[in-house]
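Worksheet: one structure, shown below.
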Amino acid sequence: MLHTIVDIFLHLDRHLGEFVQAHGASTYGLLFAVIFMETGVVVTPFLPGDSLLFACGALAATGSLRLSALFLLLAGAAILGDNTNYAIGRVIGPRAFSGKTRFLKREHLLRTQAFYERHGGKTIFLARFVPIIRTFAPFVAGIGAMSYARFLAYSVAGAISWVGSCVLAGYAFGNIPVVKDNFSLVVIGIVAVSLLPIVIEYLRNRGHSPFSG
């Protein structure tokens, strides 16, 4: 099972292409569900985000998927996911940090809170480009009772920027031979670059951060 998951993750372009060939337009529903869950369900931060969007763009460049449909559908999924996560945070409230709420990793919440305290409201925008943080940021915003109008503005801007940049990057570069032949390395590179803000944040706060070890 683990080997299968890793293989799918590292070869998203191939597996997604095979799914498109087998299921056609149903692929859009799957993509919508994955992006919605990755951003809207606080217990699924492990789902692919940046790399999936990049792979979608690469397939759009071959004509397998429609670029405009991808952008509208996946930006909508990201916005809907954020808003769902925000609403869940409002309902659960501060007790999420107690460590007693099932399925919630307290260290992820604390890491996101620290990121939020450093960057303020624009965290909702910046978090779009950081795995794990983007899943927990709207949830933490809901817990902190960030005004919905302010949250929505950052959420929409972030979703459009994130989906647009990742899909267009895949569309422009995903089918270049060196990229296509080394897609697994590209995926690892995308993940590494997107995780840099977390690493930098950890190093800056090491020694006095609530999640330092």
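Just so we're clear, the structure is a prediction, and the values are computed from it rather than from any experiment. The figures here come from the full heavy-atom set of this structure, side chains too, leaving out hydrogens, waters and symmetry mates.
Note: the hydrophobic cluster containing L12 also contains L30 (ILVMFWY, side chain heavy atoms under 4.5 Å, direct or indirect links). When the side chains of ILVMFWY residues are joined at heavy-atom separations under 4.5 Å, either directly or via intervening members, L72 and L70 end up in a single hydrophobic cluster. L185 is not connected to F173 by any chain of hydrophobic side-chain contacts under 4.5 Å among Ile, Leu, Val, Met, Phe, Trp and Tyr, and they are in different clusters. One hydrophobic cluster holds both V178 and V186 under the rule that ILVMFWY side chains link at heavy-atom gaps under 4.5 Å.
In this structure, A69 and Y28 approach most closely via the heavy-atom pair CB-CE2, 4.0 Å. Taking each heavy atom of F129 and S165 in turn, the nearest pair found is CE2-OG, 3.6 Å. Residues I124 and A141 approach most closely at CD1-CB, 3.8 Å, considering heavy atoms.
N175 contributes a side-chain N or O that, together with a main-chain N or O of A58, makes up a donor-acceptor pair within less than 3.5 Å. With hydrogens and angles disregarded, no donor-acceptor distance shorter than 3.5 Å links the side chain of N85 to the backbone of G81. Put simply, the side chain of T44 gets close to the backbone of V41: a donor and an acceptor are under 3.5 Å apart. Counting only distance, with no hydrogens or angles, the side chain of T135 and the backbone of E38 share a donor-acceptor pair below 3.5 Å. Checking side-chain atoms of S161 against main-chain N and O of G158 turns up no donor-acceptor pair under 3.5 Å. Side-chain atoms of T84 do not come within 3.5 Å of backbone N or O of G40 as any donor-acceptor pair. Judged by distance alone, with hydrogens and angles left aside, the side-chain atoms of D50 form no donor-acceptor pair with the main-chain N or O of C166 at under 3.5 Å.
L53 is listed as a side-chain neighbour of L74, based on a closest heavy-atom distance under 4.5 Å. V42 places none of its side-chain heavy atoms less than 4.5 Å from the side chain of I92. Side chains of T123 and F125 form no contact here, defined as non-hydrogen atoms less than 4.5 Å apart. You'll find the side chain of N83 reaches within 4.5 Å of the side chain of Y148, heavy atoms only. By the 4.5 Å heavy-atom criterion applied to side chains, W162 and R134 are counted as neighbours. The shortest distance between side-chain heavy atoms of V187 and F54 does not fall below 4.5 Å. Counting only heavy atoms from C-beta outward, the side chains of P138 and T39 never approach each other to under 4.5 Å.
The salt bridge (Lys or Arg N to Asp or Glu O under 4.0 Å) search around R128 returns D82, not counting sequence neighbours. For F151, the ring-ring contact (aromatic ring centres under 6.0 Å, His included) partners are Y86, not counting sequence neighbours.
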Given L67 and V167, is the side-chain contact (heavy atoms from CB on, under 4.5 Å) satisfied, shown in steps?
CA-CA 8 Å; L67 184 63; V167 170; 3.4 Å; yes
Test L16 against L52 for side-chain contact (heavy atoms from CB on, under 4.5 Å), laying out the working first.
CA-CA 9 Å; L16 186 57; L52 179 62; 4.3 Å; yes
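Annotation: the span from F19 atom CZ to T27 atom OG1 amounts to 5.0 Å, rounded to 0.5 Å. Rounding to the nearest 0.5 angstrom, the gap separating the CZ atom in R14 from the NZ atom in K180 is 12.0 Å.
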